[in-house]
Structures are given as structure tokens and as C-alpha cells.
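Given the structure is predicted, the values throughout are model-derived calculations rather than measurements.
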Amino acid sequence: MAIGKKQFTAVRVVVSLGLLAALAFMIDLRAVASSFAGFRAAWLAPVFALISFAVLVSAAKWGLILDALGVRASLGELYRAYSIGFFFNNFLPSSIGGDGARILIVGKRKGSGAAI
């Protein structure tokens with residue numbers, strides 16, 4: 001018996017919440033608090049600006065490659081897909097998870113996932 005899209009989404013949410021709960025119980029909150037002791041909020045804006053700029057440049061480079069393959073996508077679409085891929089690369093235990101996410105997102109929208 002195949003499960004539907006809504007049931008699959010519900011299973012994913014439950015599994016994600018379970019993993020987050022397990023992680024919350026394994027974290028030493030005192031160690032986390034002590035690591036933030038020297039935190040300076042003034043650095044957040046410049047750091048996020050630099051990261052956003054780096055993602056924008058990478059998305060633009062990826063756009064040039066896609067153009068050469070005949071796949072047209074706006075810089076906004078590529079930036080969104082690259083940002084999602086960047087998130088996956090940082091939070092999944094895999095170095096190619098983000099690349100797969102980018103390809104899937106743009107390929108679905110453009111109908112040419114095999115060409116990417």
C-alpha cells in the first residue's frame with residue numbers, strides 16, 4: 001500500500017521533530033551557553049552580508065553554466081536554490097546533499113533535471 005503525499009509529509013515532520021527532540025536531550029546547555037559568552041552581535045550583519053554575497057556570486061556562476069547547457073533560470077531562482085543547497089550542505093551529513101537539492105529545485109521548475 002502506497003502512502004500519499006500528505007502522509008509522507010506528516011512522517012517527515014514527525015521524524016524531524018523526533019530527531020530535534022533527541023538532539024535537544026543530548027546537548028549540554030552549559031557548554032552551549034559558555035560558547036556564546038564572547039559572542040558579539042555586531043558581527044552578525046557583516047557576516048550574513050558576506051555569506052549572502054558569496055552565495056549570490058556562486059549562483060551567478062552556476063547560471064553561466066546552466067546558460068551554456070541551454071537551461072534558462074533567473075538569478076533570483078538560482079539564488080533561492082543555491083541558498084537551500086547551502087543549508088543542506090551545512091546541516092546534512094553529506095557533502096553532496098546541497099548539490100542534489102539545487103539540481104532538483106531548478107530541474108523541477110525548468111523541466112530539465114537530466115540536463116543539469
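Among all heavy-atom pairs drawn from G85 and A101, the shortest one is CA-CB, 4.5 Å. Across all their heavy atoms, A31 and S34 have their closest contact at O-OG, 2.9 Å. The minimum heavy-atom distance between A73 and V106, with the atom names listed, is CB-CG1, 4.4 Å. Between R80 and I105, the closest heavy-atom pair is NH1-CG2, 3.6 Å.
Annotation for F39: atom CZ counts as buried by contact number, over 12 foreign heavy atoms lying within 6.0 Å.
With contacts defined as side-chain heavy-atom distances shorter than 4.5 Å, the pair L78/L66 qualifies.
Here the side chain of R102 pairs no donor or acceptor atom with the backbone of I84 at under 3.5 angstrom.
Atoms OG and CZ, on S83 and F88 in that order, are 12.0 Å from each other to the nearest 0.5 Å. To the nearest 0.5 angstrom, S35 atom OG is 10.0 Å from D28 atom CG. Rounding to the nearest 0.5 angstrom, the gap separating the OH atom in Y82 from the CG atom in L56 is 11.5 Å. One finds the CG atom of L50 at 11.5 Å from the CZ atom of F48 (value rounded to the nearest 0.5 Å).
By the rule that hydrophobic residues join a cluster once side-chain heavy atoms approach within less than 4.5 Å of another member, L75 and V57 end up as members of separate clusters. When hydrophobic clusters are built by joining Ile, Leu, Val, Met, Phe, Trp and Tyr residues whose side-chain heavy atoms come closer than 4.5 Å, directly or via intermediates, F36 is grouped together with I27. Note: the hydrophobic cluster containing V55 also contains V47 (ILVMFWY, side chain heavy atoms under 4.5 Å, direct or indirect links). In the hydrophobic cluster analysis, where Ile, Leu, Val, Met, Phe, Trp and Tyr join through side-chain heavy atoms closer than 4.5 angstrom, M26 is grouped apart from L19.
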What verdict does the side-chain contact (heavy atoms from CB on, under 4.5 Å) test give for S52 and Y79, after you've listed the backbone C-alpha separation in whole Å, the side-chain angles of each residue and the deciding distance to 0.1 Å?
CA-CA 9 Å; S52 295; Y79 183 83; 3.5 Å; yes

